[in-house]
Every structure is written in C-alpha cells, then in structure tokens.
Amino acid sequence: MVTASLGHREGASIFVFTIYPLPFTIYYLPLMTAPNIETIVSLAKRRGFVFPSSEIYGGLGSAWDYGPLGVELCNNVKQAWWRWMVYERDDIEGLDSSIILNRLVWKYSGHEDTFSDPLVDCRECKTRLRADKLEMADNVYAGIEVDQDDSQNFLEKITFAIRRKSYKCPNCGSTDLTDPRPFNLMFRTHVGAASEEDDSSLVYLRPETAQGIFINFANVLTTSRRKLPFGIAQIGKSFRNEVTPGNFIFRTREFEQMEMEYFVRPGEDESAHQDWIDACQNWFTSLGITSTNLRLYEQPKEELAHYAKRTVDIQYRFFPERPEDERQWDELMGIANRTDFDLRTHSKKPEDAEAKRLNPDSTDDLSYFDEAAKERFYPYVIEPAAGVNRTVLAVLMDAYTEKTNDKGEKRVILKLHPDLAPIKVAVLPLAKNKPEIVTLAKSIKQSLQPHLRAVYDDTGGIGKLYARQDEIGTPFCVTVDHESLQDDAVTVRDRDTWEQERIKVADLQEYLLKRLKT
Ligand code: ATP
C-alpha cells in the first residue's frame with residue numbers, strides 16, 4: 001500500500017490520497033478550511049462579500065467595502081458577540097460612545113506619547129516598514145537578533161542592529177535602511193471651522209473603543225446601579241494609520257472592534273483574567289471555528305503595553321500556507337489585564353509625591369466605593385478585545401470547504417455556523433416558466449422572511465442554484481417542484497450533507513427554525 005499526502009497540515013487535510021494494490025482506488029479527503037487568504041479574497045469578490053474600496057478610482061490601499069453578503073455576515077458576528085456578552089450574562093451593560101473624543105482623553109490614556117510604531121525607510125526601494133517586522137539579513141550578521149529583554153532600549157537596540165546590517169528590507173532585500181523613528185498611528189483631524197494650523201482644534205479618530213468606556217465608567221455605574229464585578233461592552237469603528245496594512249481585511253486603517261471592559265476588585269483580577277481567556281476561546285469554537293486553528297499566545301514582558309500586567313492573545317492560523325508553523329499564526333483577539341491604569345489616569349484625585357495632581361484636567365474621580373467593606377479604590381480592568389473584520393476573516397477561512405460531486409466536479413461549500421450565515425434559506429422554483437410553481441415559491445419566501453433571512457432565486461438551473469447557495473454558506477435550500485402543487489410539500493436540501501427531505505409546506509417554518517438551532 002502506498003500512502004501519499006500532499007500539503008497536509010494539522011486540522012485540515014488539503015489533498016490526501018491512498019493507493020492500494022490493484023485495483024487502484026483514490027480517496028480524496030475534502031479540503032477543509034481555506035488554503036490561504038487569497039482563496040477567500042477571490043470568493044469574497046466573486047460572491048459579493050467584500051469588494052476593494054474606491055475601485056473605480058484605482059482603489060485606496062487596504063480599504064475594503066462590504067457587499068450584500070458581507071454586511072450580513074459582519075452584522076451576524078456582531079449580534080452573536082452582543083448576545084453572548086450582554087444578553088446571556090447578567091453583569092454586562094452596553095455602550096456606544098463617540099468616535100471623536102476630547103483630545104485630553106488621548107493625552108492621559110498615553111496614546112499621544114506612546115501609540116506609535118517604529119518606522120524605517122528602505123533607502124533602496126523607498127518602502128516604509130515597521131522596524132519590528134523586518135527580515136533577518138542573509139549576511140554574517142544574520143542570527144544576531146536584537147535582544148528585546150529591556151523594552152526601554154528596544155529602539156536603541158534595533159537601531160544598532162540596523163546599522164550593523166543585521167536586517168533587510170522584505171521588499172527588495174537591501175540592508176540600506178534608515179534608523180527607526182516613532183510614527184504615531186492616530187489619524188488627526190480638526191473640529192469646527194478652525195484652520196488646520198490651529199492646534200486647539202486638533203482631535204483624533206479613536207484608535208480603540210476602550211477609552212470611550214473608561215470615561216463613561218461613572219455614568220454607567222451610577223445609572224445602572226451596578227456593583228463590582230461588572231463590565232461595559234461596546235462595538236464600533238476604530239482607526240489606525242497602520243504603516244503596513246494588508247492581508248485583505250486582516251489589517252486595515254479603518255476597522256471595527258468588539259471590546260468589553262470588565263471591572264473587578266484589585267486582587268480578583270488574575271482569576272477574572274483567566275476566566276475571560278477561557279470564555280473567549282470557547283466563544284470562537286462556539287462559532288464553529290476549529291479548535292486546532294486557534295491557540296493562545298502569552299505576550300512576553302517586553303511586548304506588553306505600558307498599562308498591562310498580563311496579556312494573552314487568541315491567535316488564528318491565518319497563514320496556513322507558510323511552511324514554518326510559527327509563522328502561520330496571528331492575533332485574532334487580545335485579552336489584557338489593564339490594571340487600574342485607565343480609571344486612575346482619567347481621575348482628578350491621584351497625586352504624585354509632591355502632592356501635585358497627576359491629571360489636572362479631569363473634573364471627576366473614577367474610583368469605586370465598596371459599601372460593604374467601606375473602602376474606596378480604583379477597580380482593575382480585564383479587557384477582551386476582538387476585531388470584527390478579523391473574526392469575519394477567520395470565520396470565512398474556517399468555513400471554506402471543497403467537495404467533489406458525483407460528476408467529479410469541484411464544489412465550494414462555506415460551512416458557516418447557521419447563526420452567522422448571511423442567508424438562512426433560499427427558496428428555488430424547479431421550473432421558472434410555470435407560474436403556479438413560481439407563485440408558490442414566492443409566497444413561501446414571503447411567509448418565512450419575518451422569522452429568518454430568506455431569498456427567492458430563479459436565475460439558473462437547480463444544480464447551479466444549489467452550487468451558488470453552497471458557496472455563500474446558506475444552510476438550507478427549499479425546492480418547489482411540480483409535485484408541490486399536488487402534495488403541498490417541498491424538498492429541503494442540507495448544505496453540508498446534500499441530503500434531501502420532503503417536508504409539508506405547513507410544517508416548513510417550524511422545521512427550518514428547529515434545524516437552524518441544532
Ligand atoms: P496587532 O498587533 O495585530 O496590530 P493589536 O495588538 O494592536 O493588533 P489591539 O489593540 O489588541 O490590537 O486590538 C484588538 C483587536 O482589534 C485585535 O485583536 C484585532 O482583532 C483588531 N485590530 C487591531 N488593529 C487592527 C487593524 N489595523 N485592522 C483590523 N483589525 C485590527
């Protein structure tokens with residue numbers, strides 16, 4: 001027996017065949033999960049999930065527009081997150097804060113000073129690069145890595161390494177690189193009719209939704225009469241002038257975040273943090289993402305943000321095509337223990353050793369008074385922060401499946417979780433030139449629509465219509481045929497198994513709703 005395995009990787013057999021002694025039998029295991037992001041880019045454009053933005057004017061680097069199916073998928077991801085975070089728990093409130101906040105928010109949060117990437121220019125090809133994303137050069141200095149133990153000196157150390165030519169430009173391979181310099185990622189704009197030179201009108205587009213939550217801590221606490229522990233959840237757009245955006249919707253300059261700040265007593269932060277790490281991992285698998293395509297990454301000390309005590313990322317295997325396992329993974333979500341940094345920094349009370357207020361601009365104190373213990377303190381914060389767009393990408397990659405039909409033709413099936421599928425059921429007439437069939441099919445679609453997202457489609461033969469719905473992840477197709485006019489029944493076809501069942505029209509809604517929940 002000869003067994004050959006081409007491109008096999010953990011959790012996803014790309015193409016495996018086994019040859020027995022005569023007669024030859026070839027077994028194809030279906031392709032499970034997308035082989036690379038490009039496969040999803042092409043599916044997304046072909047079927048109307050995501051389009052390159054401003055395409056008719058030559059596009060705008062790394063900006064994407066969500067089409068008819070993409071907007072539904074994004075909404076379903078956000079709804080699933082909100083349901084899980086806010087509705088199914090008893091300790092979380094929702095919020096929708098402004099995108100443009102008082103500039104002082106970003107001064108005291110530390111973003112004005114520290115929200116930057118180290119920027120390097122390649123003198124050869126003029127590409128702008130992130131110093132922490134450079135490639136090792138192929139010269140005698142290769143392998144002499146920057147020692148990142150002391151984060152204070154990271155910039156100095158990488159400068160030394162660049163001057164020593166240890167690194168090369170990933171675009172042209174040149175080692176002729178400039179010294180790194182900090183590049184602030186916040187987009188700047190001006191409010192009101194003031195001139196662009198007038199610094200008093202300067203504001204930023206928010207680079208994270210979290211600060212809108214911290215500055216509303218006291219408002220939510222008082223109005224909702226909450227006691228610790230409790231959380232505030234928010235979904236919204238964030239903006240970062242990324243130096244190297246790319247990989248489709250993985251890294252863009254405008255994106256959407258789903259963030260929750262969970263406030264706890266100091267001392268209870270470590271166990272709350274661990275609980276949220278476990279809960280978030282479970283949430284992703286509950287969306288149907290294969291657990292072998294998820295892993296935890298503990299941020300080392302030198303990578304931690306200035307406010308963080310511990311941060312664990314949930315990573316997804318976004319780059320399965322890369323030969324080295326380590327390079328296949330990247331961040332899907334970050335779960336940080338932000339300590340009491342944020343509430344303290346936005347409060348008017350804290351003082352330094354000389355009794356000087358650390359924040360002379362704030363008009364409020366964001367501390368918490370514990371009635372039972374009769375003590376006042378600044379709560380610690382656990383922050384699970386995920387990107388909507390990265391979740392959509394992970395969900396699409398993970399749902400992508402190829403299957404061969406009995407005619408030997410390759411079919412793409414998007415095995416989306418029913419809650420996420422943009423369309424839950426497609427109603428298809430077997431003969432579009434038969435008015436009674438068309439009328440019945442359209443009326444079935446109308447009756448289902450208030451209960452689940454349904455579409456009617458008669459723009460092709462039944463095989464083509466099934467294939468189209470499989471490719472966009474519709475869990476069920478309902479076919480109305482000649483017999484339906486006699487027996488008041490329709491054929492329901494399952495996306496994943498292609499099995500068909502005859503169901504009475506009167507029972508159809510209940511049947512579909514039940515199957516969509518299992
Ligand atoms: P990265 O290291 O990839 O730049 P980050 O650690 O800066 O991400 P966070 O500040 O922790 O990201 O933001 C929380 C989440 O927001 C990320 O896990 C990611 O899903 C999403 N996100 C952050 N930046 C972007 C971006 N430029 N485009 C799309 N999603 C993003």
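One is the number of the first residue; the rest follow in order along the sequence. In each ligand, atom 1 is the first atom listed, and ligand 1 is the first ligand listed.
Without hydrogens or angle criteria, Arg253 side chain to Glu242 main chain gives a donor-acceptor distance under 3.5 Å.
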Exercise for the section: Kindly indicate, with the supporting measurements, whether the criterion ring-ring contact (aromatic ring centres under 6.0 Å, His included) is fulfilled by Trp329 and Tyr297. Expected result: CA-CA 10 Å; Trp329 304 88; Tyr297 171 76; over 10 Å; no

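Ring planes of Phe263 and Phe230: tilted class, angle from 30 to 60°.
In summary, Arg338 and Glu208 engage in a salt bridge, as defined by a charged side-chain N under 4.0 Å from a carboxylate O.
Protein residues with a heavy atom closer than 4.0 Å to ligand 1 are Arg240, Glu242, Phe250, Arg251, Thr252, Phe255, Gln257, Glu331, Leu332, Met333, Gly334, Ala385, Ala386, Gly387, Arg390, listed by chain and number.
Ring centroid separation for the pair Tyr368 and Phe377 comes in under the 6.0 Å cut-off. Two rings, from Trp64 and Phe51, have their centers 6.0 Å or more apart.
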